[in-house]
Novice: 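Structure provided below as structure tokens; questions to follow.
Bear in mind that the values here come from a model prediction, so they are computed numbers and not experimental data.
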Amino acid sequence: MDTPDGELESARRPQEMGGEREARLVGGAAAAAGDLRQRLGAEVGKAVVGQEEGLRLMLIGLLAGGHVLLEGPPGTAKTLLARAFAAALSLRFGRIQFTPDLMPGDVLGSNLFNFQTSQFELQLGPIFTQVLLADEINRTPPKTQAALLEAMNERSVTIDGDSRSLGETFMVVATQNPIEHQGTYPLPEAQLDRFLFKHVLDYPSRENELEIVATHGAPDAAADGLSEVAAIAAESEVLRLRDEIGRARLSPEIIGYVVDLARATRETASLQSGVSPRAAAMLARAARVAAALEGRDFVIPDDVKALARPVFRHRVVVAPSAEIEGVTPDGAVDRILSLVEPPR
């Protein structure tokens, strides 16, 4: 039986209007994300000079639901960057100084007996926050490092059999010093795989260092400049953006490119082991956010290429024979990027 043209139009309209609404929603979120990036950079810049790429990766990590490992020599503002980032986004900040004698209970919390009430009472550990700075994470034994595994993967912790949520905005920003190796413990592969990015901080440029000395070297200068940082967004805005950005367009060709890059790390002779499928999925998720921060609601190959090194560098293991020849994780990833053809 034929359907009148009016009914056909009526049947199509809800689906078409839904698609148009989603396109507007994602496009608006991309514009809002780009604006948030600009405001965040300006606000954090009041306390931290330079380190724009580190700040961008931390924002991508937060909006993609990932965690960030910062590696750099002492005095390069790793801790200050994390504190200013949390302050500008109205997120609670917590810090754990990792030491050789730190125990899992010192991180998660434990049930302690109260002699006044004759009952056990749960004392929550410092992990119950929103932005957790795991300072010098490689200075504590693997047993304590493992206390973060459940928290980073599931955003919850289990204490004496009871599971407790850490919240949707929980994020670990870990730091490690690449110079000192005495008294440190390499991070297990399972934990490294839970970090979305590993960002390597270098010393600032001469221009930036001149500004740092002029600003923080004055007798009346604030200890860290954090008093100048004001909140420019609320947690609800961050969560809304995260949800909407996740709908950004990722074409089948881009998905294929991400998968081909990941598989190439497992097939390269210079690498003993490549990245996991989780790394490929996290790269795709991060690329959506990176596109939005540039004001786009679709991902292009350059978004993937720009993030491949910080996503892959801590997950690949260079073969001993290649390491002797001077091959580094970054060098191996760069070669893969040059060999795998991006979609046109």
Side-chain angles (χ1 to χ4, degrees), residues 53-54 56-57 60-61 64 66-73 137-138 142 145-146 148-149 152-153 174-182 184-202 250-291 299-344:
E53 181 61 12
R56 185 180 82 96
L57 292 179
I60 293 175
H67 311 282
V68 180
L69 176 62
L70 302 177
E71 181 178 279
I137 190 173
N138 58 334
Q145 292 175 8
L148 292 174
L149 292 178
M152 294 175 69
N153 196 52
T175 70
Q176 63 180 16
N177 176 358
I179 298 175
E180 283 187 88
H181 297 288
Q182 186 174 1
T184 62
Y185 303 84
L187 296 181
E189 298 298 327
Q191 182 154 17
L192 285 172
D193 196 43
R194 281 166 170 77
F195 284 103
L196 171 57
F197 297 128
K198 177 183 176 181
H199 177 57
V200 179
L201 291 83
D202 202 353
L250 195 65
S251 69
E253 292 78 15
I254 296 293
I255 294 175
Y257 182 49
V258 170
V259 170
D260 289 343
L261 288 174
R263 295 181 67 85
T265 65
R266 306 169 206 150
E267 299 165 358
T268 300
S270 61
L271 294 179
Q272 183 173 299
S273 64
V275 304
S276 66
R278 171 164 49 192
M282 294 178 79
L283 175 57
R285 190 188 308 172
R288 292 179 192 266
V289 179
V299 177
I300 62 176
D302 284 348
D303 297 323
V304 176
K305 293 176 70 174
L307 295 177
R309 185 188 277 193
V311 171
F312 287 173
R313 63 160 52 110
H314 55 295
R315 293 180 163 95
V316 299
V317 178
V318 178
S321 57
E323 195 170 9
I324 292 174
E325 296 174 0
V327 176
T328 64
D330 281 0
V333 173
D334 287 345
R335 177 163 174 75
I336 289 170
L337 287 171
S338 68
L339 293 176
V340 178
E341 189 72 22
R344 298 184 181 278

Novice: Could you measure the distance from the CZ atom of R278 to the CG atom of D193? Nearest 0.5 Å is fine.
Specialist: 4.5 Å

Novice: With a 6.0 Å cut-off (strictly less than), is the heavy-atom count around CZ of R263, excluding the residue itself, greater than 12?
Specialist: no

Novice: Determine whether L192 and R315 satisfy the following criterion, side-chain contact (heavy atoms from CB on, under 4.5 Å), listing intermediate values before the conclusion.
Specialist: CA-CA 7 Å; L192 285 172; R315 293 180 163 95; 5.7 Å; no

Novice: For side-chain contact (heavy atoms from CB on, under 4.5 Å), just list the numbers for T175 and I137, CA-CA rounded to whole Å, side-chain angles, deciding distance to a tenth of an Å, and then say yes or no.
Specialist: CA-CA 6 Å; T175 70; I137 190 173; over 6 Å; no

Novice: Can you find a heavy atom in the side chain of F312 that is under 4.5 Å from one in the side chain of L261?
Specialist: yes

Novice: Report yes if the side chains of L57 and L307 come closer than 4.5 Å at any heavy-atom pair, otherwise no.
Specialist: yes

Novice: Donor-acceptor pairs under 3.5 angstrom involving side-chain atoms of residues 316-325: please list them, not counting sequence neighbours.
Specialist:
none

Novice: Please assess D334 against L337 for the test side-chain contact (heavy atoms from CB on, under 4.5 Å), listing each intermediate value before the final yes or no.
Specialist: CA-CA 5 Å; D334 287 345; L337 287 171; 4.3 Å; yes

Novice: Show me the donor-acceptor pairs, under 3.5 Å and distance only, between side chains in residues 194-201 and residues at least two apart or in other chains.
Specialist:
unit_1 : atom_1 : unit_2 : atom_2 : d
R194   : NE     : L149   : O      : 3.3
R194   : NH1    : A190   : O      : 2.9
K198   : NZ     : E71    : OE1    : 3.2

Novice: Would you confirm whether S276, through its side chain, and A279, through its main-chain N or O, come within 3.5 Å as a donor-acceptor pair?
Specialist: yes

Novice: Are any of the side-chain heavy atoms of P188 and Q145 separated by less than 4.5 Å?
Specialist: yes

Novice: Could you check whether any side-chain heavy atom of L271 comes within less than 4.5 Å of a side-chain heavy atom of I336, counting everything from C-beta outward?
Specialist: yes

Novice: Stepwise, does the side-chain contact (heavy atoms from CB on, under 4.5 Å) test hold for R285 with V258?
Specialist: CA-CA 11 Å; R285 190 188 308 172; V258 170; over 6 Å; no

Novice: Does R288 use its side chain to pair, donor to acceptor, with the backbone of V299 at less than 3.5 Å?
Specialist: no

Novice: Got T184 and Q176 here, is their nearest side-chain heavy-atom distance under 4.5 Å?
Specialist: no

